[in-house]
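One structure is given here, and the rest of the page talks about it.
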Amino acid sequence: MRIFSGIQPTGRKHLGNFIGAIQQYVEGQDRGEPAIFCIVDLHAISVAYDPAELRERLYDATAILLAAGVDPERCVLFRQSDVREHTELTWLLSSVTSHGDLNRMTQFKEKSARQRELVSSALFFYPVLQAADVLAYRATEIPVGEDQRQHIELAREIARRFNDRFGATLVEPELRVPEVGARIMDLQEPERKMSTTGGTEAGTVLILDEESTIRKKFGSAVTDSGREVRRSEDKAGITNLIDILAVARGIDQAAVEREFEGAGYGDFKKAVAEAVVELLAPVRERYAELRPDEVALEAALAAGAEKARGIAAGTVAEVRDRMGIGPK
Ligand code: ATP
Ligand code: MG
């Protein structure tokens, strides 16, 4: 079982990231041989950004992961750009990536529509870099949220096409999404996913939000005109809150519905807020201790990069050889 996943560098990591991705990382780090987690700064440059900010946000994201329980002694945690093999493999794999497939990616359609100045080709190429991230480690399991299903499918297709054309080299990875919480929705617009870059301010619960802010955001969460705490297709807001409470308390959704039978939405929202406050408080406290020591964060990332390179370099050497690139 080799686990790999990537996360974008930002201090605005939210509850969806926490449930869809970070909790899965913590759970997977002792199962993975190894478990590899990558902070994807090269993906972050596919949309408008500020260079000085990017470094700060990278440390933010690193400290959030460590605070959540990702332990560099039990996994490989590194910064994507420290391992140059990712970019080289991106180009090599682009030769077996269909332009039509990239054109179909919904993340590109959504994110390109939001760009104000430039729709970069990096945004279009993002899934090829992501495939290179995963395939460089011959990962078998990819813990992500539901929104990444299409990109992982493409990575599998790229691996298949490479193997057909050049001989068995790459491993087709399996997607792993959590049973509950694979797609946490924006509290204000529960028809769309909670997002770092695309959501509403009031509907996005940040891991680093103050407790009072978390309470306020849940208090104003959009629900519906009914009064039943029950999961249903036409109750996107309530369904989302039920999922959140189930995950935060580690119980199933039916148990939440039973507990709040006959309760009003106001009381229910308060209970969800308290559970999330409790879930995130230890992470925020630990973050405050870890974040100031950038030397320590840098040292952890450097050690991780060394280990990551040891794996990725072997794959890229083999890919080059199979493709007839460079001397024999
Ligand atoms: P952006 O919207 O700008 O892409 P993001 O919120 O998706 O940012 P990423 O760093 O791209 O953040 O995603 C990190 C991980 O979090 C991925 O595995 C992704 O699938 C997962 N994830 C993101 N949003 C959600 C969500 N709303 N619910 C569950 N998982 C999510
Ligand atoms: Mg994303």
Side-chain angles (χ1 to χ4, degrees), residues 3-28 35-49 53-54 57-58 60-62 64-65 68 70 77 79-80 105-115 120 122-123 126-127 129-130 133-134 139 141-155 173-201 203-208 217 221 236-237 239-241 243-244 246-248 276 279:
I3 297 174
F4 179 94
S5 197
I7 189 160
Q8 300 215 48
T10 157
R12 297 181 47 80
K13 288 288 124 189
H14 52 75
L15 186 62
N17 299 138
F18 190 75
I19 292 171
I22 298 171
Q23 281 194 323
Q24 295 207 85
Y25 300 174
V26 175
E27 178 274 325
I36 306 165
F37 304 117
C38 176
I39 304 174
V40 293
D41 54 346
L42 296 175
H43 279 103
I45 65 172
S46 59
V47 293
Y49 78 102
E53 276 266 308
L54 178 58
R57 298 297 84 85
L58 190 124
D60 294 349
T62 307
I64 288 174
L65 291 179
V70 171
L77 174 66
R79 171 171 44 210
Q80 185 184 33
M105 295 293 121
T106 47
Q107 178 175 292
F108 174 73
K109 289 180 197 161
E110 287 170 9
K111 289 193 178 180
S112 57
R114 285 203 300 266
Q115 298 312 304
S120 69
L123 193 56
Y126 186 117
L129 178 58
Q130 188 173 344
D133 295 341
V134 166
E141 178 181 308
I142 316 297
V144 284
E146 181 62 41
D147 64 299
Q148 290 305 311
R149 182 179 295 274
Q150 196 183 29
H151 286 170
I152 302 306
E153 277 302 324
L154 179 63
E174 301 280 345
L175 176 97
R176 186 186 174 103
V177 300
E179 244 170 76
V180 181
R183 190 174 178 81
I184 299 294
M185 310 308 274
D186 189 288
L187 300 187
Q188 288 297 318
E189 294 180 7
E191 313 295 336
R192 65 180 195 177
K193 91 167 182 82
M194 200 176 277
S195 156
T196 312
T197 48
T200 67
E201 185 77 30
T204 308
V205 177
L206 302 183
I207 295 172
L208 300 179
K217 286 177 178 174
T239 300
N240 188 38
L241 293 175
D243 287 359
I244 291 172
V247 174
V276 170
L279 180 72

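For ligands, and for the atoms within them, numbers begin at 1 and follow the listed sequence. Below, all heavy atoms of this structure are taken into account, side chains as well, without hydrogens, waters or symmetry copies.
When only non-hydrogen protein atoms are considered, atom 4 (O) of ligand 1 lies nearest to Lys111 NZ, 2.7 Å. Atom 16 (O) of ligand 1 has Asn17 ND2, 3.0 Å as its closest protein atom, hydrogens excluded (heavy atom only). Ranking protein heavy atoms by distance to atom 24 (N) of ligand 1, first place goes to Lys193 NZ, 2.8 Å. Given atom 8 (O) of ligand 1, the protein heavy atom at minimum distance is Thr196 OG1, 3.0 Å. With respect to atom 20 (O) of ligand 1, the closest heavy atom belonging to the protein is Asp147 OD1, 2.6 Å. Of all protein heavy atoms, the one closest to atom 31 (C) of ligand 1 is Gly16 O, 3.5 Å.
Heavy atoms of His14 found under 4.0 angstrom from ligand 1 belong exclusively to the side chain. Under 4.0 angstrom from ligand 1, there are no non-hydrogen atoms of His43. Heavy atoms of Met194 found under 4.0 angstrom from ligand 1 belong to the backbone as well as the side chain. Contacts with ligand 1 closer than 4.0 Å are made by heavy atoms of both the backbone and the side chain of Thr197. Contact annotation: for Ala21 versus ligand 1, heavy atoms closer than 4.0 Å belong to the side chain alone.
Of the possible donor and acceptor atoms, none in the side chain of Ser46 sits under 3.5 Å from a partner among the backbone N and O of Ala122.
Backbone and side-chain nitrogen or oxygen atoms of Ile184 are examined, and one is located within less than 3.5 angstrom of a nitrogen or oxygen of ligand 1. Ligand 1 has no N or O atom lying under 3.5 Å from any N or O atom of Glu146, backbone or side chain. By the 3.5 Å distance cut-off applied to N or O atoms, Val144 is not counted among the residues near ligand 1.
Residue Gly145 approaches ligand 1 through these ligand atoms, each under 4.0 Å from one of its heavy atoms: 18 (O), 19 (C), 20 (O), 21 (C), 30 (N).
The shortest heavy-atom distance from Gly199 to ligand 1 is not under 4.0 Å. For the ligand labelled ligand 1, residue Ile19 lies outside the 4.0 Å heavy-atom shell. The closest approach between Lys13 and ligand 1 falls below 4.0 Å for a heavy atom of the residue.
Looking at Ser195, Ala182, Gly6 and measuring to atom 29 (C) of ligand 1, the nearest heavy atom belongs to Ala182.
The minimum heavy-atom distance linking Val47 with Gln115 is given by the pair CG1-NE2, 3.4 Å.
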